[in-house]
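Along the sequence shown, the residues carry numbers beginning at 1.
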Amino acid sequence: MSALDTNIEKLTGFLTRFKETGVRNRIAGEDREGSAGVFQSTSPVDKSVICDVAHGTADDIDAAAKAAHAAFADWRDMPAADRRRILLNVADAIEARAEEIALCECWDTGQTLRFMSKAALRGAENFRFFADQVIQARDGQHLKSPTLMNVTTRVPIGPVGVITPWNTPFMLSTWKIAPALAAGCTVVHKPAEDSPLTARLLVEITEEAGLPKGVLNTVNGFGPDAGKALCEHQLIKAIAFVGESRTGSLIVKQGAETHKRNHLELGGKNPVIVFDDADLERALDAVIFMIYSINGERCTSSSRLLVQDTIKEEFEAKLIERVNNIKVGHPLDPATEIGPLVTEEHYSKVTSYFDIAREDGATIAAGGVKVGDEGYFVRPTLFTNANNQMRIAQEEIFGPVLTSIPFSTEEEALQIANDTPYGLTGYVWTNDLTRALGFTDKLEAGMIWVNSENVRHLPTPFGGVKASGIGRDGGDWSFEFYMEQKHIGFATGQHKIMQLGK
Ligand code: NAD
């Protein structure tokens, strides 16, 4: 039996329960039907129906918000050591079901097993990392003034909403939910409608690992009803959102009436800048990895290659050869490097840029074609002879599609790199230290890597500038979002209090 066949057989076993019961909402530790019935989840691999999914609306969000509210005080007041132990149990339980999570995620989203096998482990790591921060999360400062002993403390903000997208949904959900729980918040999670399976596994796993009922609630549904209702709900104190930039604007508007605190992780059109003094072999590997891994459906992908004109021809020639060699195929085949795009809608969007590129006068140097018609497969694509004004250089395509743009000087590279509405990540390849220092200082991005692909380190801040987001995750930055700073001043003596009306 091939590795692919073995994986398909295992997946079939894991999907049986979803076929029988569908994906239900989970509210206050109980399975609930969706108040608007069900919708269907399909696989991008062969367009087959995976299962029914509870179609939640404002009523279900209301029930979940009330459950999160009811569970809040006990969770907040639980001794930190106990909360920590539960979160560590969750991490262990995720690892124990890593294969199930990975296979379901691949089938639901089209991501390849090559990359998703690590997504569950990264999810576990998110829980482990934030569990270890629980003990000191409440710690504050002592700021003495002449008449007062001033102390600060941090308290969890309350029940929060977490709204996640379909790209690497398990990892991203844990990335938001783990620090919220560690801070002492309770959560209502609204996963993306296009990838509901692993959010269901996550809530099950957390409860089995000892998370009290109602601390994490999951409501499936669509953005304009369930998502909007979550943003508008009075009992929900903050929204942690990951998704498109235009949805981010809606999140802010919808939460305005109830004064929501928002954390927005949004889109990107990230540049990778390759100077001619760089280690070009390593730069080539990183350029390819950062746009063609994870199907290019990755917010931090480097979708604009800015290559110095002195090396452009040679670099692009090597790039074309490698891109044409990338293996597109079944996501459960361990040899596959690119699987199908997540939905028909997204496939249509990504492939529409092939014509847009031609109309704008760019060259399709590799790919630019669909593969078969069983699922939503495309060849990895490279556009050359492009300039930064073209739509293929300005708009987030969010697929395995790279636009290559030449530059001659450092100043020009910087101008092109910053000439975008987005500012999530930037990647700079040069062996000139002074240039790297100056360039990164002026590059408009929340996260920059020099001579490296994106390597996430959990204590560092994660987030974007401009249309790529507001706020930071990671380390203590996550707690800044999920917690309120509280100041308490204690009089140290009988200082003079102004006496009115005496
Ligand atoms: P999306 O904005 O369409 O959807 C994200 C989530 O928002 C879904 O759960 C959806 O149901 C919900 N939603 C939609 N409309 C809503 C509304 N009016 N109110 C409340 N919720 C609503 O994004 P997507 O297409 O699922 O995901 C891809 C996008 O996510 C890309 O732009 C990508 O760059 C971005 N992303 C950013 C990061 C980051 O860290 N910056 C990480 C991953 C993905």
* **Expected output: side-chain R261 to main-chain M483 donor-acceptor under 3.5 Å** => yes

Cation-pi check, R435 onto F275 ring (under 6.0 Å, within 45° of axis)
yes

Going by the angle between their ring planes, with limits at 30° and 60°, are F398 and W166 parallel, tilted or perpendicular?
perpendicular

Distance col, row T343:OG1 vs K349:NZ, nearest 0.5 angstrom, shows 10.0 Å

Between the side chains of T384 and E316, is a donor N or O closer than 3.5 angstrom to an acceptor N or O? no

If you measure from the Lys or Arg side-chain nitrogens to the Asp or Glu carboxylate oxygens, is any gap between E95 and R128 under 4.0 Å? yes

Side-chain donor-acceptor contact under 3.5 Å, T300 with N454 | yes

Query raised in the report: How about C51 and L15: do any of their side-chain heavy atoms sit closer than 4.5 Å?
Result: no

**Asked** S468 and K466: side-chain donor and acceptor closer than 3.5 Å?
**Response** no

Ring-plane angle category for W449 and Y427, please: parallel below 30°, perpendicular beyond 60°, tilted otherwise. parallel

Review point. Quick one: do the Q389 and D419 side chains pair a donor with an acceptor below 3.5 Å?
Key: yes

Ring centres under 6.0 Å, that's the criterion: do F222 and F39 meet it?
yes

